[in-house]
Colleague: 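Structure in structure tokens, see below.
Computed over heavy atoms, backbone and side chain alike; hydrogens, waters and symmetry mates excluded.
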Amino acid sequence: MSKLCAVFGGTRGIGKAVSQLLADQGHRVVVLGRSLDSAQAVAEALGADHIAHSCDVSKEQDIQNTFDKIQASLGPVHYLVNAAGINRDSLLLRTKIEDILAQLHTNLLGSMLTCKYALRGMLQQGGSIVNIGSIVGLKGNTGQSVYSASKAGLVGFTRSLAKEVAAKNIRVNLVAPGFIKTDMTIGINEAEVKKAIPLGRFGDPDEVAQAVVFLLKSPYITGQVLVVDGGLQLAI
């Protein structure tokens, strides 16, 4: 049965790949990103049944307005994917407070708020949420203390929210990707990092999307963290 899916950060990288896979499987996708033009381009490429909205997840009013529009025109969201995220890598001593707040507001608070507003519709029908974390939220990494903190916080949030809403047939899980070929990994010394990855390569967004959709649809999995990192074993 076709589900209504909201993919935040759906204009590029992992979010775009998730949008494509959901559309390919017959679901109706709402592509959400800061740029309406980018969101519309992705939605149009998916097909006529899919729509786009602009939304800045660092702003609660944007999120509330977005869900009000979706609810009014399409009804409640059944699948929610939080793929919007930013990184501003720097040693903590050199990190500006505005960069700290930007990462926390987008990567952590933004996902918390999209979940909050999505749940209002899911309470009556059930639903499934997948948040996109990161392997650095589990292992840490030099120069990414703030980014790591935002993604680690998302792990605790996911596990706790899953317990809060399970009785309403709402599942909440998290995918923690490793090194994936996206805008965020441009500039990384791929040859050096590959030495720590048993599969010997960076992952593709499509491969993470498969894990996301698996969790969206798995009826007896909730509160879990699924690592998609090619077997990364060493400190990064």
Colleague: Side chains of residues 173-181: which donor-acceptor partners sit under 3.5 Å, not counting sequence neighbours?
Modeller:
unit_1	atom_1	unit_2	atom_2	d
N173	OD1	G223	N	3.2
N173	OD1	Q224	N	2.9
N173	ND2	I221	O	3.0

Colleague: If you measure from OG1 on T106 to CG on N87, what distance do you get to the nearest 0.5 Å?
Modeller: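 That separation rounds to 11.0 Å.
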Colleague: Given 3.5 Å as the limit, does a donor-acceptor pair link the side chain of T222 with the main chain of V172, or not?
Modeller: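 Looks like yes, one N/O pair under 3.5 Å.
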Colleague: Starting at CG of L21, measure out to CG of L46 and round the result to the nearest 0.5 Å.
Modeller: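 Reported to 0.5 Å precision, the distance equals 11.0 Å.
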Colleague: So K151 and V155, do their side chains get closer than 4.5 Å, heavy atoms only?
Modeller: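 No; the side chains remain at least 4.5 Å from each other.
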Colleague: On a heavy-atom basis, which atom in A83 and which in G15 lie closest, and how many Å separate them?
Modeller: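 Answer, listing the atom of A83 first, then G15: CB-CA, 3.7 Å.
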Colleague: Before you tell me yes or no, could you show the steps for I129 and M122 under side chain to side chain contact (heavy atoms under 4.5 Å, CB included), namely the whole-Å CA-CA distance, both residues' side-chain angles and the distance that decides it to 0.1 Å?
Modeller: CA-CA 10 Å; I129 299 169; M122 290 182 179; 3.9 Å; yes
Colleague: Which of parallel (below 30°), tilted (30 to 60°) and perpendicular (above 60°) describes Y79 and H27?
Modeller: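 Taking H27 first and then Y79, their aromatic rings stand perpendicular (interplane angle over 60°).
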Colleague: Measure from the side-chain N and O atoms of K3 to the backbone N and O of V77, and report whether any donor-acceptor pair falls under 3.5 Å.
Modeller: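 It does not hold such a pair.
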Colleague: For D62 and D56, indicate whether the former's side chain and the latter's backbone hold a donor-acceptor pair under 3.5 Å.
Modeller: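 Flag set: sc D62 to bb D56 pair under 3.5 Å.
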Colleague: Which atom pair, heavy atoms only, marks the closest approach of N107 to A84?
Modeller: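 It is OD1-O, 4.4 Å.
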Colleague: How many angstroms lie between CG in D68 and CD in Q61, if you round to the nearest 0.5 Å?
Modeller: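 Between atom CG of D68 and atom CD of Q61 there are 8.5 Å.
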Colleague: Could you state the interatomic distance from NZ (K194) to CG (L199), rounded to the nearest 0.5 Å?
Modeller: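 If we round to the nearest 0.5 Å, K194:NZ and L199:CG are 12.0 Å apart.
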Colleague: Do you know the tightest heavy-atom contact between T66 and S54?
Modeller: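 Nearest pair, atom of T66 first, then S54: OG1-O, 3.8 Å.
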Colleague: Which atoms form the tightest heavy-atom contact between I86 and A102, and what is the distance?
Modeller: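 In terms of heavy atoms, the two residues are closest at CD1-O, 3.5 Å.
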Colleague: Return the CD1 to CG distance between I14 and D206, rounded to the nearest 0.5 Å.
Modeller: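 If I round to the nearest 0.5 Å, the distance is 10.5 Å.
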Colleague: Any donor-acceptor pair under 3.5 Å linking the side chain of S150 with the backbone of L108?
Modeller: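 Checking the backbone N and O of L108 against the side chain of S150, no donor-acceptor pair under 3.5 Å is found.
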Colleague: Do F214 and V228 belong to the same hydrophobic cluster, where Ile, Leu, Val, Met, Phe, Trp and Tyr are linked whenever their side-chain heavy atoms lie under 4.5 Å apart, directly or via other members?
Modeller: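 F214 clusters together with V228.
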Colleague: Would you say Q144's side chain and G140's backbone share a donor-acceptor pair under 3.5 angstrom?
Modeller: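 No, the answer is negative, given that no donor and acceptor are paired below the 3.5 Å cut-off.
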Colleague: Can you list every pair that meets side chain to side chain donor-acceptor pair (under 3.5 Å) and has a residue in residues 120-136, with sequence neighbours left out?
Modeller: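 Listed by first then second residue: N82-N131, S128-R171, N131-T158.
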Colleague: Just by distance, do the side chain of K168 and the backbone of L119 share a donor-acceptor pair under 3.5 Å?
Modeller: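 Checking the backbone N and O of L119 against the side chain of K168, no donor-acceptor pair under 3.5 Å is found.
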Colleague: Roughly how far, to the nearest 0.5 Å, is OG1 of T11 from CZ of R34?
Modeller: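 Atom-to-atom, R34:CZ and T11:OG1 are 10.0 Å apart.
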Colleague: Stepwise, does the side chain to side chain contact (heavy atoms under 4.5 Å, CB included) test hold for T95 with R88?
Modeller: CA-CA 9 Å; T95 305; R88 297 181 181 176; over 6 Å; no
Colleague: Check P76 against L4 and note the closest heavy-atom contact, atom names and distance.
Modeller: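 Between these two residues, the closest heavy atoms are O-CD2, 3.5 Å.
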Colleague: F8 and L74: same hydrophobic cluster, using ILVMFWY side-chain contacts below 4.5 Å?
Modeller: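 Yes, one cluster joins them.
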Colleague: Might you point out which heavy atoms bring I197 and G230 nearest each other, and give the distance in Å?
Modeller: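 Nearest pair, atom of I197 first, then G230: CG2-O, 3.5 Å.
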